[in-house]
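Right, one structure below, let's go through it.
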Amino acid sequence: MEQQVTDFFRTDYMPHGHCYLWKPDILWLNVISDAAIAAAYFTIPFVLYLFVRQRQDIRFGWMLYLFAAFILCCGITHLFGIYTVWQGAYGYHGIAKAVTAIVSLSTAYVLIKILPDLISIPSLSEYAKHKDLVYQAELDRLELIREQERLATVRLAVEGSPFGMLVTDALGHIRMVNTALTRMFDYDEQDLLNEHVNTLLPPEQRSQHRKLVEDISVGIRSSGLMTSRVVYGLGKTGKKIPVEVTLYRSELDGEVRVFATVVDISERLSYQAKLVEANDRFERVISGSRDAPWEWYPADNSNWFSPRFLELLGWPANVPAHFDTWKEHIHPDYLDKVMTHLREHVEQGNKYDINYLGRAADGTYHWFNTRGDSQRDEQGNLVVMSGMVSDVQDEKELEAALMHKSAFLESVFTGASSGLLVLDWREDDEVWLSAINHRFAAMLGLDASQLEPQPLTLLEKLDRSGVMYRLRDYLLGNVREDGESGTFGLVHAVEGRWFQIDVHPISDVLGDWFRVVVSSSDVTELKFAEQRLESALKEKVSLLNEVHHRVKNNLQIVSSLMDIQSRQVKKEEQAALSDLKNRIRAMALIHELLYQNDSLASINLQSYVNRLVNLIGDTLSKSSREQLNLNLIDEGKPLNININQMVPLGLLICEAVTNAFKYAFHHRQGMLTVRMVRRNGLLQLEVCDDGPGFDNALFENASLSSQLGFTLMKTFAKQAGFSIQVDGQKGTCVKLSELVIE
């Protein structure tokens, strides 16, 4: 056996080259061919391996591995064929062929076994057809998703619509309603589904509406959009609701559907009623006014004359509404002037406001005033001109009376019992004497008839009493900033008599003095009476101090009683008591400062604000006070406020500071800024915090029943003589401006 094995693996058998007689051409042809076949057989399995690794989705990938093994074995047999050309190792060659045979038979067996599966693999055309079917199915699925999304969007739009919507079938039974409609009629959705639409109508309207729906359902009426109808709906509670209904008929899957849009027009009807009322009120106001509205349309030279206009000029209602009609009522002497004035307004945009003589309702000529303004298009062309005409005959007569009165005042000036002096500022800022009566001249020791208009410096040289020198020093070096009149001193002028000199300035629109009236009064007796009154005044001051002290103590007692009462009331009522207590303490603080100050007529605003802020902070809570940073901004000089203004102003500041503590500094650090300054003698005050702010509409719409604090602030501002603005955009800022008292 061993010998047989040894013989099987011998390599000294006759080489295969002897079969080729070692002819080179035949030998190398076979060797090279076998080598090429082996190279191809080795390459193909490698490519199959890479293909299967890259394509994990191949159904019979393992079969390709088997083919690769078969081809690889074939390549090995060809290598052994080359080897046996020179070496007779036919045993090894036979083993290689045997392995190849086994692998080949296995491959053939497996291939035959899976042949039905291979045959069942779709062809390229079948695969393309199947791919198209899958693609179409995916498109159908996406279209279904889009349709579902569209339906969901439509549903959301219907549900989110502010208008009520419902759908009924041909018999009027409700198939769908939205939230707005159920809310409008106070029903739940399930209460209305499958119910007849007449459920939502009053009994007296059901038959008419049923007939309308039937006409639409069967197509007697147009299947399109029906004209909106105003009817009354019936809520679940029996309340009648005015609504506007729009109907639309359509067919869905062969079934008739009536779509209805329902709009609650309660507010619209209310607004219409208010508009009619406002229009009637406007007509009543115009009819009771002296002004008569008019409009002129240059395009066709036509006019609109209000009933008041026709009444004012005595024209009939059917008078031609034309521009020439109005021109005829103007006096011929004033027609050119009025037309020129109108032309300058139309062409140059000048102000249109002119007085003229015109024929009035009684047939006589009166003085009229016409004024107006224009509306222009984008090219600047006049579209319409609107304005008013007023009968100013009374004003003209009053003007004549004033001229007569002026002459009368001239005589009064000359014969007045007090001395009067009028000084004017010229363009070079030099002060001139314009007029002087004989009593003022007598005080200076001069003759009024000899004093013609001249500079004040020349009058000083003639004055031996020194009054004019002191007056010029006062006017040029110490002019009052507030523009108010006042007494600048008592002058011991002539023969031991005391005279009081009062300066009464007259300012222009910029607040600059352009004229001063100086009066002199003999106050000798008053001077002596002043000394007698001084002692009596000291007693009254002491008594007034005691009054302020007692008022302050009484207010403190009231505040303490409220502290006791606040412990016995509900928590929600304590805040109101706390606010009321702060207002009482704000008034008590005013009387306390009056008692402590030398002046009994005014209070220092800076000191009051400092103490009031600390007082309110301590009242609310210690933590509230610690969270506050007060920034007081002023001009560095005392700002004193009289007692009449200080009481409502103090209460207003109290409300603003209390609101800051409550809402701006609640559980947080904050800055409260108080600015106070005088501009042209008028106080301007701001109380601002850096809190979250609020909606400005709350202040604008405040009333006694809502936002009491804002309502009180408006009232206190009016009582103190201030305008008030509240801005809640960046924090809260209360701005007060003192009004000019006319």
I'd like to know if [X] and [Y] make a salt bridge, using a cut-off of under 4.0 Å between side-chain N and carboxylate O.
X: Arg146; Y: Glu149; answer: no
X: Asp186; Y: Lys239; answer: no
X: Glu204; Y: Lys240; answer: yes

Contact summary for [X] and [Y], nearest pair of heavy atoms:
X: Val346; Y: Trp296; value: CG2-CZ3, 4.1 Å
X: Leu234; Y: Pro202; value: CB-N, 3.9 Å
X: Thr732; Y: Gly693; value: OG1-CA, 3.8 Å
X: Val243; Y: Gly233; value: CG2-N, 4.1 Å
X: Ala656; Y: Val734; value: CB-CG2, 4.1 Å
X: Gly349; Y: Arg376; value: CA-NH2, 4.3 Å

Once rounded to the nearest 0.5 Å, what's the spacing between atom [atom1] of [X] and atom [atom2] of [Y]?
X: Ser302; Y: His322; atom1: OG; atom2: NE2; result: 7.5 Å
X: Thr370; Y: Met388; atom1: OG1; atom2: CE; result: 10.5 Å
X: Ser374; Y: Leu342; atom1: OG; atom2: CG; result: 8.0 Å
X: Phe716; Y: Ile724; atom1: CZ; atom2: CD1; result: 10.5 Å
X: Arg675; Y: Leu736; atom1: CZ; atom2: CG; result: 13.5 Å
X: Lys236; Y: Thr199; atom1: NZ; atom2: OG1; result: 12.0 Å

Over 12 non-hydrogen atoms of neighbours within 6.0 angstrom of [atom1] in [X]:
X: Gln379; atom1: CD; answer: yes
X: Gln725; atom1: CD; answer: no
X: Lys718; atom1: NZ; answer: no
X: Gln375; atom1: CD; answer: no

Could you tell me if the side chain of [Y] sits less than 4.5 Å from the side chain of [X], heavy atoms only?
X: Arg343; Y: Gln348; value: no
X: Phe259; Y: Leu166; value: no
X: Arg371; Y: Lys351; value: no
X: Val389; Y: Leu312; value: yes
X: Asp169; Y: Arg257; value: yes
X: Leu685; Y: Val674; value: yes
X: Leu200; Y: Leu192; value: yes
X: Asp353; Y: Asn369; value: yes

Check: [X] side chain, [Y] main-chain N or O, donor-acceptor pair, under 3.5 Å:
X: His345; Y: Asn350; value: yes
X: Asn301; Y: Pro298; value: no
X: Asp377; Y: Gly380; value: yes
X: Asn178; Y: Met165; value: yes
X: Ser306; Y: Pro293; value: yes
X: Asn198; Y: Leu201; value: no
X: Asn303; Y: Phe305; value: no
X: Asp689; Y: Gly691; value: yes

Evaluate Arg175 against Leu193 for side-chain contact (heavy atoms from CB on, under 4.5 Å), listing each step before the verdict. CA-CA 6 Å; Arg175 299 306 182 198; Leu193 291 179; 5.9 Å; no

Show your working on side-chain contact (heavy atoms from CB on, under 4.5 Å) between Met184 and Val262 and close with a plain yes or no. CA-CA 9 Å; Met184 187 185 305; Val262 184; 3.9 Å; yes

Plane angle bin for Tyr352 and Trp294 - parallel if under 30°, tilted between 30 and 60°, otherwise perpendicular: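 Aromatic pair Trp294/Tyr352 classed perpendicular.
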
Between Phe694 and Val726, does a side-chain contact (heavy atoms from CB on, under 4.5 Å) hold up when you go through it step by step? CA-CA 10 Å; Phe694 67 97; Val726 177; 3.2 Å; yes

Do Thr261 and Val245 pass the side-chain contact (heavy atoms from CB on, under 4.5 Å) test, and can you show the C-alpha distance, the side-chain angles, and the key distance before you say yes or no? CA-CA 6 Å; Thr261 301; Val245 181; over 6 Å; no

Please find out if less than 6.0 Å separates the ring center of Phe309 from that of Trp315.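 Yes, the ring of Phe309 comes within the 6.0 Å limit of the ring of Trp315, centre to centre.
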
Any chance the side chains of Ser390 and Asp291 put a donor and an acceptor closer than 3.5 Å?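 Short answer, yes.
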
Could you tell me whether the side chains of Ser386 and Glu295 share a donor-acceptor contact shorter than 3.5 Å?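 Their side chains do contain a donor-acceptor pair, which is all the 3.5 Å distance test asks for.
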
Show your working on salt bridge (Lys or Arg N to Asp or Glu O under 4.0 Å) between Lys274 and Glu277 and close with a plain yes or no. CA-CA 5 Å; Lys274 292 180 180 178; Glu277 181 183 355; over 6 Å; no

